[in-house]
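Take a look at the structure below.
Here is how names work: the chains are called A, B, and so on, in the same order as the sequence lines, proteins then strands, and each is numbered from 1. Remember, predicted model here, so these are calculated numbers, not experimental data.
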Amino acid sequence: MNASPTPNDTPAPEDPGALVAARRAKLADLRTTLGVEPYGRRVDGLVAAAAARSSFDEAAHAAYEASQAARKADPAAPVDDRRPRARIAGRVMQHRDLGKLVFFWLRDSSGDLQVSVSKANVSEAEFQLAKMLDYGDLVTAEGPVGRTNKGETCIWASSCELSAKSLAPPPGKWHGLEDPEIRYRKRYVDMYSNPETVRVFEQRSRIVSLVRRFMESRSYLEVETPMMQPIAGGAAARPFVTKHNALGMQLFLRIAPELYLKRLMVGGMRQVFEINRNFRNEGVDRSHNPEFTAMEAYQAFGDYMTMLEMVESLVHHVACAVAGCPEGGDGPVLPFGQLQIDYRKPFERVRYEELFARAFGFDMRDEAKVRAWAKEHHVEKAATLDHWLLVNELFEEKAEALIDPARPTFVLDYPSAISPLTRPNRKQPEIAERWDLFIAGMEIGPAYTELNDPDIQLAKFTEQLAGADDEESTFRTLDEDFVESLRVGMPPAGGMGMGIDRLVMLLTNSESIRDVILFPLMRPQ
RNA sequence: GAUUGCGUAGCUCAGCCGGUAGAGCAAGCGGCUUUUAACCGCUAGGUCCUGGGUUCGAAUCCCAGCGCAAUCACCA
């Protein structure tokens, strides 16, 4: 049991500052003076602000205005009001009190719409409420959709009602909320203050949906495999550790679903995919969050080129849908920061060793030259590192930079030594049938021809474990059951992985992964 | 984990060559039936991130810590 907090060292639950006090005073006033319940009730028949705006009828508006003008000359003249009516709900974003006329804007996820409240058109209590509203309050309003003299489309309120009093001081109405720290910590404020934030997450939802539908259209079956695993396999990342109390067992949050999805192919599922969270206990930067969403897909009797065609079509298809370009067309060019990324098919393809040779001027198999270059350029562990690990160090240092960031590029045929789950090429066993897709300098995902020979797989695992240092070996364990599943027999297969967050970053022009994750990990405070 | 930068009113920011804090918006009071960052008058609003140090005096200079950002490292 923790010590119970004492009143003295417990921070106040909210800022008791003057801004909050003023709102609390209004809250009390609403109840006592106006008899208004500040936390609302069910409201039926709501339409989106954007829909209300577009329901504006020019002819009906003109007829109404004309009949009102006529009544000025002759009060007995009939009112011609055929204006459409609408009921909307939203957050007060602007508020102007002109005495006997009050204007405010309501913002919902579809946009902003002005509500105009004339003292003549509503009850006294409603009018006083309209005058008292604060930025951030949640309000519903109902009335005819018309226009003001200044041409602003609005709802001329017949009634308005408070749905929730906002007690928190809102961000400024002009600059909104810009501080990235508060935007991430208080996403709920960011979302109403910066409508483009909501747009990004709507796009994210749509992109994920497009990916799912694409996969389903190609007969892949969506599955869910364990997020808590007794052995964290399928990638070489540091896992998060947790514990099951009743069973007294250590569990890891998964770093990848790979080894489970492959078991499904052993079981007879031909095409599977999973879109879900992976957890990696690593650093945080613009393209890494400790929990991130990935898709993995496997196709029995395919290979890495099956996956290449699939991923190329998938990315192209989704980019097309996001850009709104015709399906049969060339394909879109979408901005990402300073880049204009050209998603036209076919994507670039370049062999790993070719890129290496272009960057260094010698063959990656030339151990002497590789080691000499590494020594000369002071690559860490140049003397002790295995040749192929060194090759990959050099590749990442200099060759990846040669990839055109404005063109999606498949780098094909990685060294086998750095690809333990990949089938080596039959003619050149030092090469693995694996590619990585790069866009805008980011690794979007790899694909393999999956290794289905249990003896080679076991040898690779064992070798990998032998090379692990003390820290690694605390969480790396041989997944014997996975090897056993390969002994049962896994069909030859192609498999792929893709970072969904990074794909969303690219397609929404968001340069930080935190802008595409609703609640990115933050240090407490 | 390292380096650099930033942290001042609810928000967006100025002040930072040391002399005890300012603007716009937001807030409060008053006025206005067509506003568009409404306008006009008045008022109030701050542990200058935290803790030390230097100094007669620190938002300002120095040190440490915390948070955020960028870059790097880690991420087969």
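Within 4.0 Å of A:Arg183, counting heavy atoms only, lies no atom of the nucleic acid at all. Counting non-hydrogen atoms under 4.0 angstrom, A:Arg147 reaches nothing in the nucleic acid. Within 4.0 Å of A:Glu152, counting heavy atoms only, lies at least one base atom of the nucleic acid. Within 4.0 Å (heavy atoms only), A:Leu389 reaches no atom of the nucleic acid at all. A:Glu282 comes within contact range of at least one nucleobase, with a heavy-atom separation under 4.0 Å. Using a 4.0 Å heavy-atom cutoff across all strands shown, A:Asn392 reaches sugar-phosphate atoms only and no base atom. Within 4.0 Å of A:Tyr414, counting heavy atoms only, lies no atom of the nucleic acid at all. Within 4.0 Å of A:Pro446, counting heavy atoms only, lies no atom of the nucleic acid at all. When heavy atoms are screened at a 4.0 angstrom cut-off, A:Arg286 is found touching the sugar-phosphate backbone but no base atom. Using a 4.0 Å heavy-atom cutoff across all strands shown, A:Lys26 reaches sugar-phosphate atoms only and no base atom. If you check every strand for non-hydrogen atoms under 4.0 Å, A:Arg514 touches sugar and phosphate atoms only. Base engagement by A:Phe103 is indicated by at least one non-hydrogen atom pair under 4.0 Å involving a base atom. Using a 4.0 Å heavy-atom cutoff across all strands shown, A:Gln464 reaches at least one base atom of the nucleic acid. Counting non-hydrogen atoms under 4.0 angstrom, A:Asn281 reaches nothing in the nucleic acid.
Base pairing annotation: B:G30 forms a Watson-Crick or G-U wobble pair with B:C40, both donor-acceptor distances under 3.5 Å. In this structure B:A58 sits in no base pair that meets the Watson-Crick or G-U test at under 3.5 Å. The nucleotide B:G22 finds its pairing partner in B:C13, both defining distances of the Watson-Crick or G-U wobble pair being shorter than 3.5 Å. Both distances falling under 3.5 Å, in either a Watson-Crick or a G-U wobble arrangement, place B:A70 opposite B:U3. Remark: B:A64 base-pairs with B:U50; criterion is Watson-Crick or G-U wobble with both hydrogen-bond distances under 3.5 Å.
Under the 3.5 Å distance criterion, with hydrogens and angles disregarded, no donor-acceptor pair is assigned to the side chains of A:Arg263 and A:Thr225. A:Asn452 and A:Arg423 are linked by a side-chain donor-acceptor pair at a separation below 3.5 angstrom, with hydrogens and angles left out of the test. Judged by distance alone, the side chains of A:Ser419 and A:Arg434 do bring a donor and an acceptor atom under 3.5 Å apart. A side-chain donor from one of A:Glu396 and A:Asn392 sits under 3.5 Å from a side-chain acceptor of the other. Remark: the A:Thr140 side chain and the A:Glu142 side chain contain no N/O donor-acceptor pair separated by less than 3.5 Å.
Ring centers of A:Phe356 and A:Phe395: at least 6.0 Å apart, outside the cut-off.
Remark: the A:Thr148 side chain and the B:U36 base include a donor-acceptor N/O pair separated by less than 3.5 Å. A donor and an acceptor atom never sit less than 3.5 Å apart when one is taken from the side chain of A:His175 and the other from the base of B:C11. Between the side chain of A:Ser118 and the base of B:U33, at least one donor-acceptor pair of N or O atoms lies under 3.5 Å.
Rounded to a whole Å, the CZ atom of A:Phe104 is 18 Å from the P atom of B:U34. Look at CZ on A:Phe252: it is 17 Å from C1' on B:C75, rounded to the nearest Å.
Within the 4.5 Å cutoff, no side-chain heavy atoms of A:Tyr64 are placed close to those of A:Arg82.
Spacing between B:C63 and B:U54 at atom C1', rounded to whole Å, works out to 11 Å. Separating the P atom of B:G15 from that of B:C61 is a span of 12 Å, rounded to the nearest Å. Separating the P atom of B:C66 from that of B:A27 is a span of 38 Å, rounded to the nearest Å.
Comparing A:Leu133 and A:Leu421 along RNA chain B, the residue whose closest nucleotide (by nearest heavy atom) sits nearer the 5' end is A:Leu133.
A sub-4.0 Å separation between OP1 or OP2 of B:C68 and a side-chain N or O of A:Arg523 is present. Under 4.0 angstrom from either OP1 or OP2 of B:C68 there lies at least one side-chain N or O belonging to A:Arg185.
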